[in-house]
Amino acid sequence: MSEPADLPGATPNVTAHAGPPPLRAASVEVLNLTKRFGAFTALDDVSMRVAAGTFHALLGENGAGKSTLVKCLVGYSRADSGQVMVDGREAAIDTPQAAHALGIGMVYQHFTLVPSMTATENLVMSRAAVPGIIPWRREREAIAEFMRGVPLKVPLEQPVARLAAGEKQKLEILKQLYLKRRFMILDEPTSVLTLAEADEVLGMLRDMTRAGTLSVLMITHKFREVLGYADAVTVLRRGRLAGGAPIAELDAQRMAEMMVGSRQIPKSTAQKTPTAPHASPELVVRDLVVEDDAGLPVVDGVSLAVAPGEILGIAGVSGNGQRQLVEALIGQRAPRSGAIEVAGRAYAARRDEMRARAVFSLPEEPLKNACVARMSVADNMALRNFDQAPLARGFWLDRRAARLQAEQWISAFKVKTQGPRAAIGTLSGGNVQRAVLARELSAPVSLLIVANPVFGLDFAAVGEIHDRITAARNGGAAVLLVSEDLDELLELADRIAVMSEGRLVYETDVKNADLQSIGRHMAGHAEGAASTHHNEDLAHDAP
């Protein structure tokens with residue numbers, strides 16, 4: 001960014017937004033909040049109070065309504081009924097600007113910084129009003145004064161692109177303090193931080209709440225952080241209030257029970273049929289290490305095995321390495337170390353290996369990760385076999401054969417589309433899933449790798465896709481199912497392994513599943529080693 005000189009007479013009315021953190025924390029209370037999206041009720045009569053100057057934790061499984069609740073607090077979503085009270089007065093928060101005016105801010109799970117700008121420039125440009133000519137000398141002096149009032153430090157003159165992930169997260173928090181937020185919402189704030197960095201950040205925020213300058217509402221899945229820093233807890237389950245209490249009245253066991261509740265193990269329409277034991281697993285993973293985009297290990301020595309005719313479900317809260325594990329298994333991310341074997345041989349997830357060993361997949365967000373949105377349904381369905389007969393004629397694709405194949409699969413998998421020539425990006429989410437499943441399951445399958453296959457889909461699409469996965473398993477395929485929906489895993493899987501902080505920390509047969517144990521391990525809090533199967537065991541547990 002160009003840096004104009006602080007010229008005499010330039011924008012004399014500009015006042016830098018700096019100084020110490022805000023002097024008075026805000027209290028926020030939601031009363032009987034309800035939010036619907038069509039026929040789906042995301043929040044159902046939820047009430048919660050965060051007292052001024054307290055550190056409050058918001059817990060719940062994925063899909064419990066946490067994100068919907070905080071979106072109502074920051075103005076990105078408007079509740080259908082209920083009230084929001086700020087400092088004891090009803091507040092109409094219908095835009096982010098209204099939330100900001102009340103001193104409510106949010107640190108998101110994904111960074112909102114401009115990579116090419118320095119930390120200083122990001123702070124200045126985050127203000128609602130920025131002059132055309134910025135007096136940078138004055139701004140830097142003001143930011144230096146602001147930084148003397150907060151214990152969190154980052155390199156101010158480094159471009160954000162050069163900062164480590166932990167430094168970027170600290171800068172996101174500093175930005176909210178710089179903007180004088182009195183009530184800060186944190187969405188999984190330590191997911192990119194080391195343990196020491198997490199303690200530094202949370203300790204600083206807790207100190208600010210105790211000083212009465214800030215209130216904090218933190219969405220997290222880590223019981224260690226809740227027990228170590230929170231004053232009180234609210235737990236949501238399936239859009240409803242499951243419970244809440246001061247932290248002194250709770251322990252990890254009780255919080256896990258509130259998160260997962262007491263539920264019957266659901267049954268799929270397509271019943272799982274008994275399968276004969278197999279001496280050799282179809283998929284074996286040993287000591288796999290996979291890095292994220294920043295070069296940090298997010299899959300940390302994972303070992304597992306999946307047998308033919310079996311579904312191994314991987315449970316866990318989002319962000320614990322599941323996505324990178326799937327990407328490594330389907331060839332979208334190279335592992336740093338470890339070994340993958342399919343059908344008893346080393347496997348590098350190349351296209352020729354996938355074809356020879358009948359490996360198919362349904363990755364998360366298939367429109368992004370398994371399709372080309374602007375290409376037709378027919379062309380997307382042909383991505384597996386465009387270079388084979390009858391679709392291939394020498395170096396050319398037989399368009400008529402591709403269209404006939406697509407028409408057959410559209411009918412068999414009930415894909416709702418204007419026709420095989422329609423761009424697949426014009427289809428609904430459920431129909432994109434059906435189209436990809438048609439491509440992946442219309443040939444014999446030995447190994448199927450699936451990630452969050454029904455996220456955001458309606459009930460009809462969920463049932464159909466679950467039935468297809470179960471049918472593949474009944475037909476002898478080994479299925480690795482990664483899902484953030486515990487009910488989905490209890491319905492479909494034969495075994496469940498829990499992934500937390502890049503490791504597989506627990507395993508159980510579904511018929512012997514204990515929901516509280518699963519919940520504790522998903523939350524990263526498990527006492528005793530007796531109930532935990534280590535990675536080495538998971539590599540040998542397949543029947």
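Bear in mind that the values here come from a model prediction, so they are computed numbers and not experimental data.
By the 4.0 Å N-to-carboxylate-O rule, R127 lies close enough to E139 to be salt-bridged with it. Remark: E145 engages R148 in a salt bridge, criterion side-chain N to carboxylate O under 4.0 Å.
Between the side chains of T209 and R206, no donor-acceptor pair is found at a separation under 3.5 Å.
Side-chain contact between L163 and P155 is present, with at least one heavy-atom pair separated by less than 4.5 Å. When side chains are defined from C-beta on, L515 counts as touching L486, because their heavy atoms get closer than 4.5 Å. Using a 4.5 Å heavy-atom cutoff, the side chains of P189 and M218 are in contact. Side-chain contact between L59 and F223 is present, with heavy atoms from C-beta onward closer than 4.5 Å.
Applying the side-chain hydrogen bond (donor to acceptor under 3.5 Å, both in side chains) rule to pairs touching residues 42-54 yields N32-D45, sequence neighbours excluded.
Checking side-chain atoms of N320 against main-chain N and O of E501 turns up a donor-acceptor pair under 3.5 Å. No side-chain donor-acceptor contact under 3.5 Å links K66 to the backbone of L236. Checked by atom type and distance alone, the side chain of E172 pairs as donor or acceptor with a backbone atom of T112 at under 3.5 Å.
Within a 6.0 Å sphere centred on CZ of R240, other residues, nucleotides and ligands contribute 12 heavy atoms or fewer.
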N/O donor-acceptor pairs under 3.5 Å from side chains in residues 225-232, not counting sequence neighbours:
{"residue": "E225", "atom": "OE1", "partner": "T190", "partner atom": "OG1", "Å": "3.2"}
{"residue": "E225", "atom": "OE1", "partner": "T220", "partner atom": "OG1", "Å": "3.4"}
{"residue": "E225", "atom": "OE2", "partner": "T190", "partner atom": "OG1", "Å": "2.6"}
{"residue": "Y229", "atom": "OH", "partner": "D199", "partner atom": "OD1", "Å": "2.8"}
{"residue": "D231", "atom": "OD2", "partner": "F55", "partner atom": "N", "Å": "2.7"}

Check residues 77-86 and write down every donor-acceptor pair under 3.5 Å in which the side-chain atom is one partner and the other belongs to a residue at least two apart or another chain.
{"residue": "D80", "atom": "OD2", "partner": "R36", "partner atom": "N", "Å": "2.5"}
{"residue": "Q83", "atom": "NE2", "partner": "E90", "partner atom": "OE1", "Å": "3.1"}

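Once rounded to the nearest 0.5 Å, the distance linking CZ of R182 with CG of L177 reads 13.5 Å. The CG atom of L186 sits 6.5 Å away from the CE atom of M184 when rounded to the nearest 0.5 Å.
Every residue was checked against the side chain to side chain contact (heavy atoms under 4.5 Å, CB included) condition with R89, not counting sequence neighbours, and none meets it. Not counting sequence neighbours, Q324 has no partner by the side-chain hydrogen bond (donor to acceptor under 3.5 Å, both in side chains) test. With sequence neighbours excluded, the residues satisfying side-chain hydrogen bond (donor to acceptor under 3.5 Å, both in side chains) with E327 are R323, R333.
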### Query
Yes or no on side-chain hydrogen bond (donor to acceptor under 3.5 Å, both in side chains) for H56 and T234, after CA distance, side-chain angles and deciding distance?
CA-CA 8 Å; H56 200 100; T234 294; 2.8 Å; yes

